[in-house]
Amino acid sequence: MSNDILLSARDIRKSYYIGTPNELEILHGIDLDVRRGEFVSIVGQSGSGKSTLMNILGILDRQTSGTYTLDGVDISQAPNKDLSSLRNKHIGFVFQTYNLIARTDAIANVEMPMLYAGVSPKERRQRAIELLEMVGMKERMHHTPDELSGGQKQRVAIARAMANDPDIILADEPTGALDSGTGRLVMDIFHELHEKQGKTIVLITHSNELAAETPRIITISDGNIISERNNDGKGVA
Amino acid sequence: MIKENCKLAIISIKANKMRAFLTMLGIIIGVAAVIAIMTVGNSMTAGVQKQMESYGVKNISVSIEQIDYSQELSEADEENMKLSPETIHSLVKRFDKQIDAISIDSSIGSGTILVNNNKVQVEATGVSAGFFKANNIKLVSGNFFNEIDYSQGNNVAIVSEKFAKQVAGENYKPEDVLGKDYEVNINDEYLNIKVAGIYEYNQAGGNSRSKSTPMYMPIASAWNFSHDKDIYYITVVASESTDPVQFSNDLKTFLTEKLTTQLSDKFMVSVYSNQSMIEENTKMMNQMTMAISLIAAIALIVGGIGVMNIMTVSITERTREIGTRKALGAPDGMIMLQFISEAIILCLIGGIIGIIIGLILGDVASHIMGYAPHVSMASIYMSVGFSMAIGTFFGYSPAKHAANMNPIDALRYE
Ligand SMILES: Nc1ncnc2c1ncn2[C@@H]1O[C@H](COP(=O)(O)OP(=O)(O)O)[C@@H](O)[C@H]1O
Ligand SMILES: [Mg+2]
């Protein structure tokens, strides 16, 4: 595990204008550094601004003020047209609601980020099969999302997030829609990715229990980081 | 990339077959109409052209017509509608080089010939030597009339192959008919003729069901029989090197000038060349095809608006998918391409179905109207191009909308 900083957020603020003259600040100046190979959880109550923060870290949205640097690139300076390729290259998303592409089989879903990266069809297919095997979904690679259970969908989504070997995986409530058994399975995959492949993972959750599994825990409340602590022994639920 | 997009488009079209089909309906109807109309138009033009050409493109018919048909004519007036032999002679003299032949024909009447108790019917017609050339009549055996036949009005006849079969059986030998004498009853007057030749009888050309076939005699014989030498119209066959349209103008000018007194203010010289009729006909057909094609084009545009509507619905339904694709790194251009491809493929499938239906309809309609179907390849290329253009044009704005979506809003869309 190297010690260099992968992403660095400084004084990130995010406001929404909900009709003039009301301006609603959701994030009130977030400072956050994540090093390569870290497994960090961001925990907080619903509505505390976790997803808003993740969208900014995932370059899906821009902060109102503050700076955000990812892998040495100042994202606030990047032109809009570059954002999709930055996401494609650096970030793997895992969403609470899976967001697999409907009517498209598991393997095509996993191939999609590689398609947008311009990887050759043969290479895409091969890597997609490896990734599906890693998450235990190789047998179902030709199943479409409506033929998969929630847990299976999320495993495919994780394989898809890994497709372009991103610098960081951002997972927003990845077990939020799953029962505890399948949620456990998904968490195990994250642990495995972190431990065996040294993947940098940011896990966003409202559950203290899940957060306790990760080596570093950042607690967010009402748009502020209120605590940050390292978790020595891996806390097991 | 193109291949991927096509695959995606086909998946999405397959997922909603019924809706896709309804969307395509406008395109299908529009394209089918264009293809069917163009095929029928083409077939008719070709058919009429062929028919007219068989009459002779070099033929020019000349007659004197009343200017105002509602006017009653006196007996003296009726005299003035005839073309005198003198007029015809002056014509031949003046345009010697441009004229290949002059065809005059005069009906003698319907006749019956009794052979072995069978009644065989003929339309007896007196003709000039030029008639056979003007009407493209060919002999299968025997000879045309000679100079003496024409000048003396000998009672010789040229009969059809069908006549030969009717009098001497399906497998007749020419000598069974040639040189034989027949008695023709025309309105209970008897005309004795000797067969000089048998002409090729084109079933398709005439009314094949009628039992009666034309029987030709020298015009002088006809005049002898009916004591009536009136000529109301002639057909001038222009020579090979003469432009019949130009020549007919010259004829008209010449005759109008020559016959000033005969024409007075009641009549005019009417000169029609087959060529100009063919040209007029083609022009009319083309105009008709254009007019109906315009209606079809409107159907296509309505179809295009349907495509736009369905693309808008499809994109709204797939907002989350678009958000996800953007999160996964799809550039705006790729999203755009995906939906434009979908619109184009939708239209193209509609177009191909339309072409097939149009070809079948055009073929059937041409057959019913009695023409050999002539498929217009141009209309097929045009339809394919037009369908793709409609897909691009009407798919553009929805696709642009999809490409410009904000990824977060799209992901959050319920
Ligand atoms: N587009 C928006 N416009 C206005 N308010 C928003 C918008 N997006 C999020 N919010 C508000 O921001 C706050 C934080 O939301 P979110 O980041 O989704 O919280 P969490 O993920 O921690 O549950 C909520 O109060 C939410 O209502
Ligand atoms: Mg959230």
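Just so you know, these numbers come straight off a predicted model, no measurement behind them. In what follows, chains carry the letters A, B, and so on, assigned in the order in which the sequence lines appear, proteins first and then strands, with residues in each chain numbered from 1.
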[atom1] of [X] to [atom2] of [Y]: how many Å apart, nearest 0.5 Å?
X         : Y         : atom1 : atom2 : result
Asn164(A) : Leu328(B) : CG    : CG    : 9.0 Å
Leu411(B) : Thr97(A)  : CG    : OG1   : 8.0 Å
Lys326(B) : Asn88(A)  : NZ    : CG    : 14.0 Å
Lys7(B)   : Leu115(A) : NZ    : CG    : 9.0 Å
Asn406(B) : Arg62(A)  : CG    : CZ    : 11.0 Å

Flag yes if more than 12 heavy atoms outside [X] fall under 6.0 Å of its [atom1] atom; otherwise flag no.
X         : atom1 : answer
Gln45(A)  : CD    : no
His401(B) : NE2   : no
Gln126(A) : CD    : no
His206(A) : NE2   : no
Asp409(B) : CG    : yes

Structural part of Arg325(B) lying under 4.5 Å from a heavy atom of chain A: both
Minimum heavy-atom distance Phe93(A)-Ala327(B), with the two atoms named: CE1-O, 3.5 Å
Closest non-hydrogen atom pair between Ala330(B) and Ser84(A), with its separation: O-CB, 3.6 Å
Using side-chain heavy atoms (C-beta onward) and a distance below 4.5 Å, is Glu321(B) in contact with Thr104(A)? no
Candidate list Asn99(A), Asn109(A), Leu100(A), test side-chain contact (heavy atoms from CB on, under 4.5 Å), partner Thr324(B), passing option: Asn99(A)
